[in-house]
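Here the structure comes first, spelled out in structure tokens, and everything after it is commentary.
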Amino acid sequence: MNSWKFCLVVGMLVLFSVGCSRASMEKDIQLSGTVKTFAEKVVVNGQSNLPEGAVIQASLKEEGGQTAREVTEKVAKDGTFSIVLKRPVLNEEYELSVAFLPELQPKHVERVYGKKGENIKKSDIVVEYKRNGKRYRGIMLYDRIFANDGISIGQQTILSKEMPAKLPKP
């Protein structure tokens with residue numbers, strides 16, 4: 001075989017193996033959950049395929065986008081997590097986001113998904129964002145926390161890949 005043909009074949013094999021190893025490094029993250037409100041408490045019970053100790057962050061935002069509450073919780077051995085947030089004002093509506101953010105992860109989780117989430121396989125719940133000038137890839141789910149008059153029993157909903165629409169004003 002000519003040396004240039006040999007180099008071409010070897011080069012193609014190297015490129016193919018690099019492409020295959022990159023694809024095999026990407027990890028699919030599954031994340032879901034339910035949301036229940038009890039007076040001022042917002043309770044998120046979630047399931048994931050994340051390793052024990054992975055950090056999940058939940059945030060409540062006011063209508064103007066200002067963060068009202070932010071809580072982090074670690075994933076249990078079976079992939080579940082439970083987060084309780086206290087809403088500041090009972091009769092106000094909030095936007096809830098529940099996220100797996102690579103910059104919050106401990107080292108053993110970072111090794112799997114990458115420092116910037118570069119090993120997270122793209123899906124419909126993957127978000128790409130910038131923080132401090134760096135690009136990241138994470139997972140984000142949403143729900144709308146409706147105002148409560150203090151008399152009604154609250155809401156029972158599920159996390160979604162998009163923020164649910166606001167309720168019409170009465």
Side-chain angles (χ1 to χ4, degrees), residues 10-38 40-88 94-145 155-164:
V10 169
M12 289 176 67
L13 286 172
V14 167
L15 287 174
F16 178 75
S17 67
V18 167
C20 288
S21 66
R22 174 71 180 146
S24 67
M25 285 179 56
E26 288 188 342
K27 304 291 184 193
D28 183 39
I29 295 179
Q30 297 170 8
L31 188 66
S32 63
T34 60
V35 179
K36 293 180 183 179
T37 60
F38 305 98
E40 74 278 348
K41 289 183 183 177
V42 177
V43 181
V44 179
N45 289 308
Q47 304 80 36
S48 75
N49 64 344
L50 292 165
E52 180 178 14
V55 176
I56 300 293
Q57 181 183 72
S59 299
L60 283 179
K61 291 194 177 185
E62 298 170 348
E63 189 171 325
Q66 181 74 19
T67 300
R69 295 280 188 265
E70 201 165 73
V71 175
T72 59
E73 192 60 57
K74 291 184 178 179
V75 172
K77 189 174 186 175
D78 64 357
T80 61
F81 59 92
S82 185
I83 299 174
V84 178
L85 299 113
K86 185 177 178 184
R87 61 171 129 182
Y94 295 93
E95 293 182 351
L96 170 70
S97 63
V98 176
F100 171 83
L101 304 173
E103 67 272 20
L104 300 180
Q105 303 309 313
K107 293 289 182 199
H108 75 280
V109 177
E110 186 180 278
R111 281 192 290 275
V112 176
Y113 299 103
K115 286 185 178 197
K116 297 179 185 175
E118 60 271 19
N119 297 337
I120 298 173
K121 185 176 182 181
K122 290 186 179 183
S123 74
D124 60 349
I125 61 172
V126 170
V127 293
E128 294 189 6
Y129 60 97
K130 274 185 156 178
R131 187 164 285 160
N132 299 325
K134 297 178 182 176
R135 294 179 104 39
Y136 292 90
R137 186 186 298 174
I139 303 292
M140 186 116 20
L141 293 171
Y142 307 93
D143 199 7
R144 187 168 301 281
I145 305 302
Q155 74 186 67
Q156 293 187 12
T157 51
I158 61 171
L159 293 171
S160 174
K161 64 181 178 179
E162 294 178 7
M163 182 63 68

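Worth saying up front: this structure is predicted, and the values here are computed from it rather than measured.
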> Which atom names give the shortest non-hydrogen contact between P106 and V55, and what distance separates them?
Replying inline: CD-CG2, 4.0 Å
> When you check the gap from the basic side-chain N to the acidic O, do R137 and E128 get nearer than 4.0 Å?
Replying inline: yes
>> I'd like to check L50 versus F100 (side-chain heavy atoms, cut-off strictly below 4.5 Å). Are they in contact?
In response: yes
>> Donor-acceptor pair, distance only, cut-off 3.5 Å: does the side chain of R144 make one with the backbone of E95?
In response: no
>> A side-chain contact here means heavy atoms from C-beta on lying under 4.5 Å apart; do L141 and L96 qualify?
In response: no
> Who are the side chain to side chain donor-acceptor pair (under 3.5 Å) partners of K121, not counting sequence neighbours?
Replying inline: none
> Less than 4.5 Å apart, any side-chain heavy atom of T37 and any of Q156?
Replying inline: no
> Side chains of F81 and L31: does their closest heavy-atom pair fall under 4.5 Å?
Replying inline: yes
> Stepwise, does the side-chain contact (heavy atoms from CB on, under 4.5 Å) test hold for V126 with I120?
Replying inline: CA-CA 8 Å; V126 170; I120 298 173; 4.0 Å; yes
Could you pull out every donor-acceptor pair under 3.5 Å between side chains of residues 109-117 and any protein atom, sequence neighbours left out?
none

> To the nearest 0.5 Å, how far apart are CG in L85 and CD in E73?
Replying inline: 10.5 Å
> Can you tell if the side chain of N45 reaches within under 4.5 Å of the side chain of T80, non-hydrogen atoms only?
Replying inline: no
> So do the side chains of E70 and Q57 get within less than 4.5 Å of each other, counting heavy atoms only?
Replying inline: yes
> Is the backbone N or O of G53 less than 3.5 Å from a side-chain atom of H108, with the two atoms forming a donor-acceptor pair by type?
Replying inline: no
>> Can you give me the closest heavy-atom contact between K161 and I125, atom names plus distance?
In response: CB-CG2, 3.9 Å
> Is the closest side-chain heavy-atom distance between L101 and Y129 below 4.5 Å?
Replying inline: yes
>> Using the side chain to side chain donor-acceptor pair (under 3.5 Å) criterion, which residues pair with Q47? Sequence neighbours excluded.
In response: S32
> Is it true that a side-chain atom of R135 and a backbone atom of K130 form a donor plus acceptor pair closer than 3.5 Å?
Replying inline: no
> Does any donor atom in the side chain of Q155 or T157 lie under 3.5 Å from an acceptor atom in the other side chain?
Replying inline: yes
>> Could you check whether any side-chain heavy atom of I56 comes within less than 4.5 Å of a side-chain heavy atom of T72, counting everything from C-beta outward?
In response: no
> Any donor-acceptor pair under 3.5 Å linking the side chain of N49 with the backbone of D28?
Replying inline: yes
> Could you go step by step and tell me if L60 and I145 meet the side-chain contact (heavy atoms from CB on, under 4.5 Å) rule?
Replying inline: CA-CA 8 Å; L60 283 179; I145 305 302; 3.9 Å; yes
> If you take all heavy atoms of S48 and V75, which pair is closest and at what distance?
Replying inline: OG-CG1, 3.8 Å
> Hey, does the side chain of T67 reach the backbone of R69 with a donor-acceptor pair shorter than 3.5 angstrom?
Replying inline: no
> Can we say R131 and E103 salt-bridge, meaning some charged N sits less than 4.0 Å from an Asp/Glu carboxylate O?
Replying inline: yes
> Taking all non-hydrogen atoms of both residues, which atom of S97 and which atom of M140 are closest, and how far apart?
Replying inline: CB-SD, 3.7 Å
